[in-house]
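Every heavy atom of this structure was used, including side-chain atoms; hydrogens, water molecules and symmetry mates were not.
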Amino acid sequence: MTSVIQMTKNPFILLSAALCLLFLSTPFLSSTADGAGEFSGYVAAEADLFAHGPSHPGQKEHAASISIRPEYYREWNGGDRSLTFAPYLRVDSADTERTHFDIRELFWYSVREKYELGIGLRQVFWGVTESQHLVDIVNQTDAVDSLDGEEKLGAPMVSLSVPLDSTSIGDLGTIDIYLLPWFRERTFVGKKGRLRGATPVDTDQTEYESGAKEHNIDIALRWSRSIGDYEIGLSYFTGTARTPSFRTGTDAEGDTVYIPRYVQIDQAGLEAQKVHGDWSLKLEAIARSGQGDVYGAWTGGFEYTMV
């Protein structure tokens, strides 16, 4: 109970919790008069058991947690208007940092004749490879929820999608524009969590390169097109890096901690995929500036589907 009370110090969590309670108290919305509402989700329990005792002071030996992720979806006008609401809550017995509330999605989407407009919190995925997601940069990683980086926090945004059609050439792909007015910090395991390094991360002392801090306006652009068996995407991002750097400091108790710092970056990305029969060839590549010297990275792979 103490962990849940501590979470309410965050105004984002207060708003999220209020919306979640409203959502959970109105399940009848899933059976609307026009039959367009859908209610789904899951509840999961998890236990973390270790053969050996903790390596660092303050860590709990074992832990248990429960998570819930309901989702409500409704559309109007044959799908031209839609609303998605997906809150998420995890309560952990050992780590107060892992106990957290988030709205994965609370997104209004409108499809017009020449464009598509979306407003709210949303999860957007870029990329084609599975081993690493180099170009995927819109959403922040929820690092306390999973170790593989697959879980993401909801990102507040305004999105605009514009199909590029030419009467003489035909389909030229789609341009997606994202305006991101509120940065979400990455979550980290607390002092009592087992799956951390020797020095914990103190998110209460987070630093930013931008004077606007978490209110710096980030911009993301992506062009995508299918050409025969090929799917190609080119993207550009400018704003606050999703991955922080760290410096050593001390917390209020005088213990050594890592203090995260988020700098401003520019990133250009390429994603490509070719489907040939049951085979899929995949490639992702980026070039990034702002975190030290300009650098590039790429990853590739293949998939074979057996039916």
Angle class for the F188/F246 ring planes (parallel below 30°, perpendicular above 60°, tilted otherwise)?
perpendicular
Side-chain heavy-atom pair [X], [Y] within 4.5 angstrom cut-off:
{"X": "L195", "Y": "L147", "value": "yes"}
{"X": "D142", "Y": "R104", "value": "yes"}
{"X": "R222", "Y": "Y236", "value": "no"}
{"X": "L134", "Y": "W126", "value": "no"}
{"X": "I227", "Y": "I232", "value": "yes"}
{"X": "R112", "Y": "L117", "value": "no"}
{"X": "L89", "Y": "S67", "value": "no"}
{"X": "I219", "Y": "L179", "value": "yes"}

Audit row: Q291, V263, side chain to side chain contact (heavy atoms under 4.5 Å, CB included) steps and yes/no
CA-CA 7 Å; Q291 293 176 309; V263 300; 3.6 Å; yes
Kindly say whether [Y] contributes a backbone atom to a donor-acceptor pair with the side chain of [X] at under 3.5 angstrom?
{"X": "E271", "Y": "V128", "answer": "no"}
{"X": "S210", "Y": "A212", "answer": "yes"}
{"X": "D266", "Y": "T238", "answer": "no"}
{"X": "T187", "Y": "V144", "answer": "yes"}
{"X": "K192", "Y": "A94", "answer": "no"}
{"X": "R225", "Y": "D171", "answer": "yes"}
{"X": "T174", "Y": "V162", "answer": "no"}
{"X": "S82", "Y": "G79", "answer": "no"}
{"X": "Q205", "Y": "T250", "answer": "yes"}

Ignoring hydrogens and angles, write down the donor-acceptor pairs under 3.5 Å from the side chains of residues 57-65, residues two or more places apart or on other chains.
residue	atom	partner	partner atom	Å
Q59	OE1	S55	N	3.3
Q59	OE1	H56	N	3.0
Q59	NE2	G193	O	2.8
Q59	NE2	R194	O	3.2
H62	ND1	F50	N	3.3
S65	OG	R90	NH1	2.7
S65	OG	R98	NH1	3.4

Does [X] pair with [Y] as a salt bridge, N-O distance under 4.0 Å?
{"X": "K114", "Y": "D165", "value": "no"}
{"X": "D251", "Y": "K191", "value": "yes"}
{"X": "R69", "Y": "E105", "value": "no"}

Given side chain to side chain contact (heavy atoms under 4.5 Å, CB included), test L180 with V138 step by step and report yes or no.
CA-CA 8 Å; L180 308 164; V138 175; 4.2 Å; yes
For [X] and [Y], does a side-chain donor sit closer than 3.5 Å to a side-chain acceptor?
{"X": "D176", "Y": "S161", "value": "yes"}
{"X": "Y73", "Y": "E75", "value": "yes"}
{"X": "H100", "Y": "D92", "value": "no"}
{"X": "Q264", "Y": "T240", "value": "yes"}
{"X": "E151", "Y": "S146", "value": "no"}
{"X": "Q140", "Y": "R184", "value": "no"}

Distance in Å, [X] [atom1] paired with [Y] [atom2], rounded so as to fall on 0.5 Å steps:
{"X": "F237", "Y": "I137", "atom1": "CZ", "atom2": "CD1", "value": "4.5 Å"}
{"X": "I119", "Y": "M157", "atom1": "CD1", "atom2": "CE", "value": "12.0 Å"}
{"X": "S110", "Y": "W76", "atom1": "OG", "atom2": "CH2", "value": "11.0 Å"}
{"X": "E214", "Y": "W182", "atom1": "CD", "atom2": "CH2", "value": "8.0 Å"}
{"X": "I286", "Y": "I265", "atom1": "CD1", "atom2": "CD1", "value": "8.0 Å"}
{"X": "W108", "Y": "L121", "atom1": "CH2", "atom2": "CG", "value": "16.0 Å"}

Grouping I, L, V, M, F, W and Y whenever their side-chain heavy atoms are under 4.5 Å apart, do [X] and [Y] come out in a common cluster?
{"X": "V124", "Y": "L234", "answer": "no"}
{"X": "V307", "Y": "V275", "answer": "no"}
{"X": "Y178", "Y": "L160", "answer": "no"}
{"X": "L106", "Y": "F125", "answer": "no"}
{"X": "I175", "Y": "V135", "answer": "no"}

Is there a side-chain hydrogen bond (donor to acceptor under 3.5 Å, both in side chains) between E116 and Y109 once you walk through the steps?
CA-CA 7 Å; E116 299 175 11; Y109 204 68; 2.5 Å; yes
Could you walk me through whether D145 and K152 pass salt bridge (Lys or Arg N to Asp or Glu O under 4.0 Å), step by step?
CA-CA 9 Å; D145 211 61; K152 301 290 183 177; over 6 Å; no
Determine, step by step, whether E284 and K282 satisfy the salt bridge (Lys or Arg N to Asp or Glu O under 4.0 Å) criterion, reporting the C-alpha distance in whole Å, the side-chain angles of both residues, the deciding distance to 0.1 Å, and the verdict.
CA-CA 7 Å; E284 289 188 31; K282 302 168 179 269; over 6 Å; no
I'd like to know whether V294 forms a side chain to side chain contact (heavy atoms under 4.5 Å, CB included) with R288, so could you lay out the CA-CA distance, the side-chain angles of the two residues, the decisive distance to 0.1 Å, and finally the verdict.
CA-CA 6 Å; V294 177; R288 180 183 294 180; over 6 Å; no
Only counting residues at least two apart or in another chain, list the ones meeting salt bridge (Lys or Arg N to Asp or Glu O under 4.0 Å) with R242.
D218
Heavy-atom count check: over 12 atoms from other residues, nucleotides or ligands less than 6.0 Å from W298 CH2?
no
Please lay out, stage by stage, how V189 and D95 fare under the test side chain to side chain contact (heavy atoms under 4.5 Å, CB included).
CA-CA 7 Å; V189 175; D95 188 0; 3.2 Å; yes
K213 NZ/CZ over Y208 ring centroid, <6.0 Å and within 45° of normal:
no
If every non-hydrogen atom of P87 is compared with every non-hydrogen atom of F101, which pair is closest and at what distance?
CB-CZ, 4.0 Å
Tell me the closest heavy-atom pair linking I259 and G249, and the distance in Å.
CD1-CA, 4.0 Å
Could you please spell out the steps behind the side-chain hydrogen bond (donor to acceptor under 3.5 Å, both in side chains) verdict for S40 and E71?
CA-CA 5 Å; S40 60; E71 180 172 319; 4.8 Å; no
Hey, would you say the F183 and Y262 ring centroids sit under 6.0 Å apart?
yes
